[in-house]
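Accompanying notes for the structure given below.
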Amino acid sequence: ATQLASALAANTKLTSLNVLNNALAEAGAHALVALAESKPNQIKSLCGLAADATVADFSERYLDADDVLLVAFELRANTTFTKMELTNNQIGAVGAQNIAEALKV
């Protein structure tokens with residue numbers, strides 16, 4: 001994932017990608033989030049959601065705590081969400097804390 005982040009750094013057209021469920025590991029997820037945060041006017045989604053989406057349904061996607069780092073970015077980047085589903089995942093306490101922190105923004 002860190003190699004993907006490096007490759008995407010030079011890209012000027014990509015606005016959305018879905019990298020959930022790719023065994024990114026924490027370092028890889030952080031690298032992709034850092035890349036997206038460095039391009040706030042370009043990359044709007046790391047979870048493949050439309051920029052104007054109001055519902056984020058991540059239920060039964062087998063997400064883990066590393067995936068939730070991407071979901072947390074999504075929550076910070078997209079302020080149009082009014083509903084989010086996270087049922088039947090394996091986010092654990094760390095993932096839940098990441099979501100809680102993102103919701104404070």
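Numbers here simply count residues along the sequence, with the first being 1. Any value given below was found using the heavy atoms of this structure, including those in side chains, with hydrogens, waters and symmetry copies removed.
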- Using modelled atom types only, decide if a donor and an acceptor are shared between the side chain of Asp66 and the backbone of Asp64 within a distance under 3.5 Å. no
NZ (Lys13) and CD1 (Ile43) are apart, to the nearest 0.5 Å, by 14.5 Å
Check your understanding: Cluster question for you: counting only ILVMFWY and a side-chain heavy-atom cut-off of under 4.5 Å, with indirect links fine, are Tyr62 and Phe58 together?
Key -> no
What one should report as the nearest heavy-atom pair of Ala5 and Ala31 is CB-O, 3.9 Å
Margin query: Is there a path of hydrophobic side-chain contacts, each under 4.5 Å between heavy atoms, that joins Val33 and Leu103?
Written below: yes
* Would you call Glu37 and Arg76 a salt bridge, using N to O less than 4.0 angstrom? -> yes
Within the side chain of Asn89, is there an N or O that forms a donor-acceptor pair under 3.5 Å with the backbone of Ile91?
-> no
Quiz item: Is there a donor-acceptor pair under 3.5 Å between the side chain of Thr54 and the backbone N or O of Phe81?
Solution: no
Are Lys39 and Leu8 packed together at the side-chain level, in the sense that at least one heavy-atom pair is separated by less than 4.5 angstrom?
no
In short, Leu35 meets Ala9 closest at the heavy-atom pair CD1-CA, 3.6 Å
- prompt: Taking C-beta and beyond as the side chain, do Leu20 and Leu63 meet within less than 4.5 Å on heavy atoms?
  reply: yes
- Message: Let me check something: do Leu14 and Leu4 share a hydrophobic cluster, defined by ILVMFWY side-chain heavy atoms less than 4.5 Å apart, either directly or through other members?
- Response: yes
For Gln42 and Thr12 the tightest heavy-atom approach is NE2-C, 3.3 Å
So does Asn21 get a backbone contact from the side chain of Asp67, meaning a donor-acceptor N/O pair under 3.5 Å? yes
Exercise. side-chain contact (heavy atoms from CB on, under 4.5 Å) between Asp57 and Lys83: does it pass, once the steps are laid out?
Worked result: CA-CA 8 Å; Asp57 187 359; Lys83 181 178 179 180; over 6 Å; no
| Same cluster or not: are Leu75 and Leu49 linked, directly or through other Ile, Leu, Val, Met, Phe, Trp or Tyr residues, by side-chain heavy atoms under 4.5 angstrom apart? | yes
Nearest heavy-atom approach of Ala51 to Thr80 is O-OG1, 3.7 Å
side-chain contact (heavy atoms from CB on, under 4.5 Å) between Asn88 and Arg61, worked out | CA-CA 8 Å; Asn88 295 320; Arg61 299 275 302 271; over 6 Å; no
Closest non-hydrogen atoms of Ser16 and Gly48, given as atom of the first, atom of the second and distance, are OG-CA, 3.6 Å
Output for pair (Glu74 CD, Asn18 CG), nearest 0.5 Å, gives 8.5 Å
Note: Asn98 and Ala72 closest approach over all heavy atoms is O-CB, 3.8 Å
**Prompt:** Under a single-linkage definition using a 4.5 Å side-chain heavy-atom cutoff for Ile, Leu, Val, Met, Phe, Trp and Tyr, are Val19 and Leu69 assigned to the same hydrophobic cluster?
**Reply:** no
NZ (Lys44) and CZ (Phe73) are apart, to the nearest 0.5 Å, by 8.0 Å
Within the structure provided, determine whether Val71 and Cys47 are in side-chain contact (heavy-atom separation under 4.5 Å). yes
